[in-house]
Asks: 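Got a structure for you, questions after.
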2 protein chains.
Amino acid sequence: MPTLQDVAKHAQVSTSTVSRVLSGKGKFTTEVQTRVQNAIKLLDYQPNSNAQALASNRVSLVGFITPSISAPFYGQIASGGEIAARAHKYRTLIANSFRNTDEELEAIRSFQAQGCKNIILHSMSFTDEQLIELANKIDGLVILGRFVEQIANRCVWLDNVKGGQMAAEYLIANGHEDIAILSYAQTQCDPSQRINGARIAFANAGLNLPQDSIIFNQGQIADGSWSVNKLLDSGKHFSAILAYNDLIAVGACKELIKRGYKVPEDVSVIGFDNLFFAEICTPELTTVNYPIKEMASYAVELSIKLTEQPDAYVERTHLFMPSIVERSSVKRLSK
Amino acid sequence: MPTLQDVAKHAQVSTSTVSRVLSGKGKFTTEVQTRVQNAIKLLDYQPNSNAQALASNRVSLVGFITPSISAPFYGQIASGGEIAARAHKYRTLIANSFRNTDEELEAIRSFQAQGCKNIILHSMSFTDEQLIELANKIDGLVILGRFVEQIANRCVWLDNVKGGQMAAEYLIANGHEDIAILSYAQTQCDPSQRINGARIAFANAGLNLPQDSIIFNQGQIADGSWSVNKLLDSGKHFSAILAYNDLIAVGACKELIKRGYKVPEDVSVIGFDNLFFAEICTPELTTVNYPIKEMASYAVELSIKLTEQPDAYVERTHLFMPSIVERSSVKRLSK
DNA sequence: CGCCCTTACGCAAGCGCTTGCGTTAACTCA
DNA sequence: TGAGTTAACGCAAGCGCTTGCGTAAGGGCG
């Protein structure tokens, strides 16, 4: 591979001049500029990023840490993020963490070892304190899908309370009063926030939400099935299910149908996330849209801004709003 | 961040010694070794990958180029690949190419600029000649999902002919004789290979495959619907559909059902790829398994072997086999 | 016309690491 | 015991780039 030296020799200038032409900083005559550019084209020169990084202590890399890139939700993060990154001439690093703190830490370390300061973290396992500490250490760290007050300007998140509320309100508006919630058993905040949102909707409607209407599970398709069975076997009556995510919702639908119930005629189901398969399944899933792709791309922009223009104005809060996507898994109950 | 120098100072040795202890090459007393290791721990030292790369001209990065990382199929490549890469202490770069030659080239260039020699390419747009040229230039380039004779040992691929044949044979074995093929209109070889495989099965069964039984489309869900409409409107009779991929298959199922046909009672459908949503949709999709995750991880191993041990023995061919996954979208036809 | 300021470029140090070679001291063995 | 080995480490160059500083040439101005 040709080096800056080679280009300099060809253009009959010093390496510093080539470097300046390349970066557009500094002054030079248009004559020199064209000489350099010609040499670059002629030699098919491509700067060595490692040398650049070493010399300038700057790196054009954004790293994504998500539980598992092959899950549809996280795939969108990587995809939306990559597009935004590429638009800024940044390259994209990824790491699967499998919700494991050690893996997450290891990923961060290795990204840092690359000189990568732009890290988008969708963490399930760090505590708020850990995140704050990390954010203070890493200028370009952006937390996706979570809100931590002390580093609010570094968090790109969804209003989960609102989302839960919207979902519940939608069911209530469709005449449902006996609603079961299939939630996700984890310490992180999303599930409880969505439940809280639902509680608000219930309270507003003068309804109450008995504790045994909430089933916690592991958030996968099979867990949706499992939860429905548990619900059905408990003898509890319900006309609608509010699921923590689309996976649970789909599992619930399948199990419901398997056990002879019709969806939505007998039981309505609403999901969360609006993953692409929501319109594949039968019935097509009514769900709450989580604009994760946009959020990922926003997070990248934010991270780059944070590192490239540390003094630039940054919104204090980066909050995204969920929205209802009506399809066919919720039935209007006539009184 | 602490540097090698800092570690050396703390351990009272030269930087070369630290470097040697780190890499395990060269000789040193265990006493020196522990001194160095203690210093490393004490300072929480992490080598600067850019400096390492620059000095050694070696880099622990594997780059994946796929059309779009958020598509389920390609997500599996990144995920399986990342896991294999991490096992070798390699980091993972990704790039979306959107089936665009320029983007693919650009991605390769930028990976190379990082010093990354391990590239896994799932290319839709390069010609065989281009791939050969690239493979000759880049030691660690591995082609995924395609076979090019001249660089056979660099191709990790699926027996698509066999896959098409298996799918057709499965339908035939279930009594179907009027089979429509919903294929993918692209210059690349997969679709035609699968059709060829189907032809073999037809020929073996003494059946023939009229040209107007094959509909070409763009390979997405909507295209499955579109193709079914085209088929239905042409008045052609068929009892089964053999789809190029699961997306088309799902779209076909949906449209069939929409137009009043029952799947599989009226029309059977078989897909290809065995993506995770195949068991979500209704009916659950019978399909051909494409072990892409395993292939991706294999490709990474191969690439690393190619660059780290250029003289090691490498299988001449890396061929994976598809297999039928029986679910409920194909009905046995009684004579 | 001499002075100063700017413009346009070159010089060279240095980013943090690897590695070939050199050096020292300990060790082997006839 | 002295020549030759070898083990264990240090020296320093150099990977390809950036960038602060220096400087020569050109231009403006009184």
Side-chain angles (χ1 to χ4, degrees), chain A residues 1-37 39-40 43-61 89 91 109-117 307-308, chain B residues 1-37 39-40 43-61 89 109-117 308:
Chain A
M1 294 213 103
T3 71
L4 236 212
Q5 286 249 23
D6 301 328
V7 175
K9 226 169 278 172
H10 251 83
Q12 318 223 50
V13 293
S14 72
T15 58
S16 13
T17 301
V18 178
S19 176
R20 282 177 194 123
V21 171
L22 233 40
S23 68
K25 294 173 190 165
K27 304 274 181 172
F28 36 80
T29 59
T30 52
E31 199 255 322
V32 163
Q33 184 178 3
T34 53
R35 270 209 332 258
V36 168
Q37 285 170 343
I40 289 177
L43 299 174
D44 191 29
Y45 168 74
Q46 176 95 359
N48 178 319
S49 328
N50 289 306
Q52 282 184 317
L54 186 57
S56 68
N57 196 27
R58 272 182 276 106
V59 126
S60 296
L61 232 37
K89 309 254 175 232
R91 282 291 139 195
R109 280 182 69 92
S110 78
F111 285 177
Q112 282 191 289
Q114 311 264 2
C116 170
K117 295 172 182 59
T307 51
E308 288 191 354
Chain B
M1 294 212 103
T3 72
L4 237 212
Q5 286 249 23
D6 301 329
V7 175
K9 224 169 282 173
H10 251 82
Q12 318 223 52
V13 292
S14 72
T15 58
S16 14
T17 301
V18 178
S19 176
R20 282 177 193 123
V21 170
L22 233 40
S23 68
K25 294 172 190 165
K27 304 275 181 170
F28 36 80
T29 59
T30 51
E31 199 256 321
V32 163
Q33 182 177 7
T34 53
R35 249 175 32 224
V36 169
Q37 285 170 342
I40 289 178
L43 299 173
D44 192 28
Y45 167 74
Q46 177 94 358
N48 178 319
S49 331
N50 290 306
Q52 281 185 318
L54 186 57
S56 68
N57 195 27
R58 272 181 276 108
V59 125
S60 297
L61 232 35
K89 307 254 175 232
R109 281 181 68 90
S110 78
F111 285 176
Q112 282 191 288
Q114 311 263 3
C116 170
K117 295 171 181 61
E308 288 191 355

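A, B, ... follow the sequence lines: proteins, then strands. Residue 1 opens every chain. These numbers were taken from a predicted model, which means no experiment stands behind them.
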Asks: In whole angstrom, what separates B:K27's NZ from D:dA7's P?
Replies: 6 Å
Asks: Donor-acceptor check, side chain of A:S49 to backbone of B:A113, threshold 3.5 angstrom: yes or no?
Replies: yes
Asks: Can you confirm whether A:Q5 is buried at CD, in the sense that more than 12 heavy atoms of other residues, nucleotides or ligands lie under 6.0 Å from that atom?
Replies: no
Asks: Should A:S14 be listed as having a side-chain N or O under 4.0 Å from OP1 or OP2 of C:dG10?
Replies: yes
Asks: Students often get this wrong, so: under 4.0 angstrom with heavy atoms, is A:T3 touching a base, only sugar-phosphate, or nothing?
Replies: sugar-phosphate
Asks: With a 4.0 Å cut-off on heavy atoms, is A:N48 in touch with a base, just the backbone sugar-phosphate, or nothing at all?
Replies: sugar-phosphate
Asks: Counting only side-chain N and O atoms of A:T17, is one of them less than 4.0 Å from OP1 or OP2 of C:dG10?
Replies: yes
Asks: Picking from D:dC9, C:dA12, D:dA8, which would you name as closest to the side chain of B:V32?
Replies: D:dC9
Asks: To the nearest Å, how far apart are B:L4 CG and C:dG16 C1'?
Replies: 7 Å
Asks: Can you name the salt bridge (charged side-chain N to carboxylate O under 4.0 Å, His left out) partners of B:R35, sequence neighbours left out?
Replies: B:E31
Asks: What's B:T29 touching, base or sugar-phosphate or nothing? Going by heavy atoms closer than 4.0 Å.
Replies: sugar-phosphate
Asks: Please determine, for the side chain of A:S16, which listed nucleotide (C:dG16, D:dA12, C:dG10) has the closest atom?
Replies: C:dG10
Asks: So what does B:S56 touch, heavy atoms closer than 4.0 Å: a base, only the sugar-phosphate, or nothing?
Replies: sugar-phosphate
Asks: Does B:Q52 have a side-chain nitrogen or oxygen under 4.0 Å from the phosphate oxygens OP1 or OP2 of C:dT18?
Replies: yes
Asks: Nearest to the side chain of B:P47, which nucleotide is it out of C:dC9, D:dG16, C:dC17?
Replies: C:dC17
Asks: Report the nucleotide, chosen from D:dA12, D:dC9, D:dC17, that has the shortest atom-to-atom distance to any side-chain atom of B:R20.
Replies: D:dC9
Asks: Give me the atom names and distance for the closest heavy-atom approach of B:L43 to B:H10.
Replies: CD2-CE1, 3.8 Å
Asks: I'd like to know if the side chain of B:T17 pairs up with that of B:S14 as donor and acceptor (distance under 3.5 Å, no hydrogens or angles considered).
Replies: yes
Asks: Under 4.0 angstrom, heavy atoms only, what part of the nucleic acid is A:S19 near: base, sugar-phosphate, or nothing?
Replies: base
Asks: Think B:R35 has a side-chain N or O under 4.0 angstrom from the OP1 or OP2 of D:dC9?
Replies: no
